[in-house]
Amino acid sequence: MEAPSSGKDDKQAKPAAEIDGAAMSRIGYGLYVLTAREGDKDNGCIINTLSQLTSRPNRISVTVNKSNYTHGMIVRTGLFNVSLLTQETPMRVFEHFGFQSGASCNKFETCEQENRSQNGLLYIPKFTNAWMSGRVLSTIDLGTHTLFIAEVSQARVLSDVPSLTYDYYQQHIKPKPAPSNGKKGFRCKVCGYVYEGETLPEDFVCPICKHGAQDFEPIG
């Protein structure tokens, strides 16, 4: 898939890429805020799938649930930013970016609007140790999700606070779940939503944080 046109003259000189290799090296098993923009609307969501594919050129991939409002923006504009969260990230960041749809709220009401990259998209300056901008080169349909393969146009380091791993989030940030009271079901490892039942459908999507069945664990 070719990335959608920005509407500008393609013959215009593009800004030189500003890529800090140290930012790229921080990509790993963690949690991130993915941001996009369409028209005058900004949106963002929590993701846990960011990988570096190649270093020359710098290319990354992100996987986004199709039911997420941010997904449609990326499909139509071909642009996104990713902010790499730190161990200092409080639960309220996950509640803000993961538990509500950007279709019905402004997720950046409390963010500093001047923190935009060259592509015009917001990145999250607080609780972030690095961020990068991606321009979509191609997509792969994964059923409930889309894998976006992108070229990195900007990448910067903001702090030396350690990156937030999924295990650290589970142990130190996420509230401990309430007892299941013996009921059998499955609990979302990201937000704690409980699905009651003997089996969880393979295509189930959490109604709160929009993560798929692979992010649920059995309880009871």
Side-chain angles (χ1 to χ4, degrees), residues 1-21 23-85 97-98 101-103 107-108 111 115-125 128 130-158 205 209-212 214-215:
M1 180 192 97
E2 294 185 1
S5 171
S6 63
K8 296 181 179 180
D9 188 348
D10 292 337
K11 296 181 180 180
Q12 286 183 327
K14 297 181 179 179
E18 299 177 7
I19 300 174
D20 186 336
M24 301 300 298
S25 69
R26 297 188 183 189
I27 296 176
Y29 184 59
L31 292 167
Y32 318 91
V33 174
L34 177 73
T35 55
R37 180 176 177 83
E38 185 176 16
D40 59 357
K41 176 75 171 179
D42 294 292
N43 196 55
C45 65
I46 300 289
I47 63 169
N48 63 351
T49 51
L50 170 63
S51 302
Q52 183 172 11
L53 302 178
T54 60
S55 57
R56 293 185 181 179
N58 281 293
R59 290 183 177 174
I60 59 175
S61 69
V62 296
T63 305
V64 188
N65 194 302
K66 291 179 181 178
S67 66
N68 196 297
Y69 191 65
T70 309
H71 175 276
M73 286 184 162
I74 298 173
V75 169
R76 292 185 291 271
T77 66
L79 300 173
F80 63 83
N81 284 353
V82 183
S83 299
L84 287 62
L85 296 175
F97 284 101
S101 172
K107 294 194 176 185
F108 298 93
C111 294
N115 292 292
R116 293 185 184 275
S117 56
Q118 287 178 349
N119 62 10
L121 274 60
L122 289 169
Y123 59 90
I124 311 303
T128 296
W131 62 268
M132 58 195 64
S133 299
R135 182 179 67 85
V136 176
L137 300 174
S138 60
T139 63
I140 299 175
D141 191 329
L142 302 178
T144 59
H145 294 65
T146 296
L147 176 71
F148 295 99
I149 297 173
E151 176 184 27
V152 177
S153 58
Q154 250 186 313
R156 292 182 182 175
V157 170
L158 297 183
V205 175
C209 68
K210 307 305 182 185
H211 280 243
Q214 73 277 3
D215 290 319

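This is a predicted model, so every value here is computed, not measured. The analysis underlying the following values was restricted to heavy atoms, covering all of them including side chains, and did not include hydrogens, waters or symmetry mates.
- Between the CD1 atom of Ile149 and the OG1 atom of Thr139 there is a distance of 8.5 Å, given to the nearest 0.5 Å.
- Aromatic pair Phe80/His71: centroids not less than 6.0 angstrom apart.
- How far CG of Asp42 is from CG of Leu121: 7.0 Å, rounded to the nearest 0.5 Å.
- Remark: Tyr32 OH to Arg26 CZ distance equals 12.0 Å, nearest 0.5 Å.
- Note that CG of Asn81 and CD of Gln118 are 10.5 Å apart. Values are rounded to the nearest 0.5 Å.
- Across all their heavy atoms, Thr128 and Leu158 have their closest contact at O-CB, 3.7 Å.
- Of all heavy-atom pairs spanning Asn115 and Pro125, the tightest one is ND2-CG, 3.4 Å.
- For the pair Ile124 and Ser83, the tightest heavy-atom approach, listed with the atom from each and the gap, is N-OG, 2.9 Å.
- Thr77 is not listed as a side-chain neighbour of Arg37, based on a closest heavy-atom distance of 4.5 Å or more.
- Using a 4.5 Å cut-off on side-chain heavy atoms (C-beta onward), Tyr69 and Lys41 make contact.
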Side chain to side chain contact (heavy atoms under 4.5 Å, CB included) between Ile74 and Thr146, worked out: CA-CA 10 Å; Ile74 298 173; Thr146 296; over 6 Å; no
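- With a 4.5 Å cut-off on side-chain heavy atoms, Asn43 and Thr35 do not count as touching.
- Looking only at side-chain heavy atoms (C-beta outward), Leu34 and Asn68 stay at 4.5 Å or farther from each other.
- To the nearest 0.5 Å, atoms CE (Met132) and OG (Ser117) are separated by 11.5 Å.
- Minimum interatomic distance between Ile27 and Leu50 (heavy atoms only, all atoms of both residues): CG2-O, 3.4 Å.
- Closest heavy-atom contact between Met73 and Ala36: CB-CB, 3.8 Å.
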field: Steps toward side chain to side chain contact (heavy atoms under 4.5 Å, CB included) verdict (Asn119, Arg135)
entry: CA-CA 9 Å; Asn119 62 10; Arg135 182 179 67 85; over 6 Å; no
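- Between Arg116 atom CZ and Ser133 atom OG the span is 11.5 Å, to the nearest 0.5 Å.
- Within the structure, every pair that satisfies the salt bridge (Lys or Arg N to Asp or Glu O under 4.0 Å) test and touches residues 57-73, not counting sequence neighbours, is listed here: Lys66-Asp141.
- Tested against Asn58 for a side chain to side chain donor-acceptor pair (under 3.5 Å), the candidates Gln52, Gln154, Glu151 yield a single pass: Gln52.
- A donor-acceptor pair under 3.5 Å links the side-chain atoms of Thr49 to the main chain of Thr63, judged by distance alone.
- Of all non-hydrogen atoms in Asn65 and Thr144, the two that sit nearest each other are OD1-O, 3.6 Å.
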